[in-house]
Amino acid sequence: MRGLTRAGKRASEMALNAGGGAINWFPGHMAAASRAIRDRLKLADLVIEVRDSRIPLSSANEDLQPVLSAKKRILALNKKDLANPNIMNMWLDHFESRKQDCISINAHSSNSINQLLGLVELKLREAIMKEPTLLVMVVGVPNVGKSALINAIHRIAISRYPENDKIKRARVGPLPGVTQDIAGYKISSQPSIYVLDTPGVLVPSIPDMETGLKLALTGAVKDSVVGEERIAKYLLSLLNIRKTPLHWERLLHRRGEFDEEPCDSSVKGSRESLRRRNRINNSDAVYVQDMVMEVQRTLCSTTMEFTGNLDEDNELESLIDVQLVALRKVFRIPHKPLDESHGAVSKKLLTLFRAGKLGPFILDDLPGQQ
């Protein structure tokens with residue numbers, strides 16, 4: 001783990017040196033919105049804090065942690081399908097050791113959301129005896145899946161209580177005798193438990209460049225703020241320092257098997273027919289799968305062919321430049337000036353990573369193992 005921590009810091013330093021100027025991570029209006037959340041939190045009986053499973057710490061707002069930890073809270077580590085499951089289990093154990101309720105979820109899985117709602121009802125069991133109406137609020141930094149989670153909760157709420165097809169309003173208040181109408185979805189009755197229909201957007205805490213680049217890589221910060229090429233170089237730095245491309249060596253042999261044409265014309269014809277049917281019946285999926293494998297092969301082969309010392313930053317930068325040029329052919333990007341082609345390659349590479357096509361990753365290191 002110590003090696004991975006050094007890898008992250010080194011990769012972030014390299015990305016910073018890649019150029020693009022100083023970074024203004026977030027506009028002022030987001031900070032104002034975050035301040036407004038403090039008032040709304042007073043209304044909540046329980047908070048679901050959504051974080052990205054790939055960055056369980058970096059996707060938190062440190063400034064609000066004292067406020068959040070003072071309330072009943074569940075950490076929902078979303079996008080678990082994009083995270084390494086073995087390391088994810090270690091993170092769940094970590095939060096459990098801190099006496100923090102935590103669950104890994106996929107906001108697009110009804111089973112996953114039902115498990116989360118079951119935990120919500122369990123956590124509110126004590127409050128049920130005191131309050132006739134309870135309110136749950138969903139908060140999190142940008143692009144961790146808050147809206148997807150609320151939409152999934154809405155669909156389940158409709159199946160439980162058809163009247164939820166129209167937004168219900170719960171009368172709640174932060175103080176006795178003070179009530180306020182809040183729009184939300186009813187997920188339980190006797191007592192009534194509502195989930196607010198709009199999430200609270202938190203501004204991520206960015207104490208250093210490494211944290212900022214992790215947030216940018218996972219999409220919590222707009223690409224235009226950091227620059228796609230800078231983010232892609234951070235990704236390639238991480239992959240190379242962790243020696244991830246070498247894990248794809250088996251694909252080089254598979255390419256050889258695939259490219260080798262049989263002598264028997266009937267076998268050759270049947271293979272061509274199969275390829276043609278695959279392209280027609282499932283062309284998009286086959287195209288993406290083929291592209292991903294070719295990206296992995298390219299990164300592996302360029303790493304294996306590289307004779308420099310990857311412990312030296314300037315030589316690692318040279319490898320990354322070679323990889324960006326090689327990926328231009330994979331992505332079939334027309335010849336353009338180098339800056340333009342790197343930008344186009346970076347955009348496609350980031351799309352594959354964020355969709356989980358390059359494999360499951362967790363970028364944060366477990367505390368105490370740095």
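Looking only at side-chain heavy atoms (C-beta outward), Leu82 and Phe361 stay at 4.5 Å or farther from each other. Ile48 places none of its side-chain heavy atoms less than 4.5 Å from the side chain of Val139. Residues Ser104 and Trp91 form no side-chain contact, since every pair of their non-hydrogen atoms from C-beta on lies 4.5 Å or further apart. Two residues are said to be in side-chain contact when any heavy atoms from C-beta on lie closer than 4.5 Å; Ser237 and Ile320 meet this criterion. Considering only heavy atoms from C-beta on, Leu196 stays 4.5 Å or farther from Ile150 through its side chain. Contact check for Pro245 versus Gln296: no side-chain heavy atoms found under the 4.5 Å cut-off. In this structure, Lys72 and Asp45 have side chains that are not in contact, with every pair of non-hydrogen atoms separated by 4.5 Å or more. By the 4.5 Å heavy-atom criterion applied to side chains, Tyr194 and Val136 are not counted as neighbours.
Other residues, nucleotides and ligands contribute at most 12 non-hydrogen atoms within 6.0 Å of the NZ atom of Lys329. Surrounding NE2 of His108 are at most 12 heavy atoms belonging to other residues, nucleotides or ligands under 6.0 Å away.
Here the closest non-hydrogen pair linking Lys80 and Asn106 is CG-N, 4.1 Å. Nearest heavy atoms, Ile105 versus Ala76: CD1-CB, 3.9 Å. The minimum heavy-atom distance between Leu41 and Met137, with the atom names listed, is CD2-SD, 3.8 Å. Between Ala107 and Ala152, the shortest heavy-atom contact is O-CB, 3.4 Å. Counting all heavy atoms, side chain and backbone alike, Thr218 lies closest to Arg354 at C-NE, 4.3 Å. When all heavy atoms of Pro142 and Val201 are compared, the closest pair comes out as CG-CG1, 4.1 Å.
When the side chains of ILVMFWY residues are joined at heavy-atom separations under 4.5 Å, either directly or via intervening members, Trp248 and Val322 end up in two distinct hydrophobic clusters.
Here Glu294 does not pair with Lys357 in a salt bridge; the nearest charged N to carboxylate O distance is not below 4.0 Å. Electrostatic pairing of Glu229 and Lys233 counts as a salt bridge here, judged by a charged N lying under 4.0 Å from a carboxylate O.
Contacts of Phe331 classified as ring-ring contact (aromatic ring centres under 6.0 Å, His included), with partners at least two apart in sequence or in another chain: none. For Arg73, the side chain to side chain contact (heavy atoms under 4.5 Å, CB included) partners are Glu49, Arg51, Gln65, Leu68, Ser69, Leu75, Gln100, not counting sequence neighbours.
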Handout entry: Derivation of the salt bridge (Lys or Arg N to Asp or Glu O under 4.0 Å) call for Glu121 and Arg160
Key = CA-CA 14 Å; Glu121 294 184 39; Arg160 293 183 181 182; 3.3 Å; yes
Exercise for the section: Using the side-chain contact (heavy atoms from CB on, under 4.5 Å) rule, take Leu215 and Ile55 through it: C-alpha gap first, then chi angles, then the decisive distance, then the call. Expected result: CA-CA 8 Å; Leu215 288 161; Ile55 46 174; 3.8 Å; yes
Practice task
Apply the test side-chain contact (heavy atoms from CB on, under 4.5 Å) to residues Glu315 and Leu310: give CA-CA distance (whole Å), side-chain angles for both, the deciding distance (0.1 Å), then the verdict.
Solution key: CA-CA 6 Å; Glu315 297 195 36; Leu310 293 183; 5.8 Å; no
Problem - Asn78/Leu149 under side-chain contact (heavy atoms from CB on, under 4.5 Å): CA gap, chis, key distance, verdict - result: CA-CA 9 Å; Asn78 191 28; Leu149 173 58; 5.7 Å; no
Exercise for the section: Starting from the C-alpha separation in whole Å, work towards a yes-or-no answer on side-chain contact (heavy atoms from CB on, under 4.5 Å) for Thr303 and Asn240. Expected result: CA-CA 8 Å; Thr303 302; Asn240 288 316; 3.5 Å; yes
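The CD atom of Glu249 sits 13.0 Å away from the CZ atom of Arg297 when rounded to the nearest 0.5 Å. Atoms CD1 and CD1, on Ile193 and Ile187 in that order, are 5.0 Å from each other to the nearest 0.5 Å. One finds the OG1 atom of Thr244 at 5.0 Å from the CG atom of Leu239 (value rounded to the nearest 0.5 Å). Rounded to the nearest 0.5 angstrom, Leu124 CG and Ile74 CD1 are separated by 7.5 Å. Summarising the geometry, atom NZ belonging to Lys348 is positioned 11.5 Å from atom CG belonging to Leu327; distances are rounded to the nearest 0.5 Å. The distance from the CG atom of Leu217 to the CG atom of Leu238 is 7.0 Å, given to the nearest 0.5 Å.
Within the structure, the salt bridge (charged side-chain N to carboxylate O under 4.0 Å, His left out) test picks out the following pairs touching residues 85-112 (sequence neighbours left out): Asp101-Lys123.
With hydrogens and angles ignored, the 3.5 Å screen pairs no side-chain donor or acceptor of Asp52 with any backbone N or O of Val144. A donor-acceptor pair under 3.5 Å is formed between the side chain of Lys71 and the backbone N or O of Ala44.
Using modelled atom types, one finds a donor on one side chain and an acceptor on the other under 3.5 Å when comparing Asp364 with Ser58. Using a 3.5 Å distance cut-off with no hydrogens or angles, the side chains of Ser318 and Asp321 do not pair a donor with an acceptor.
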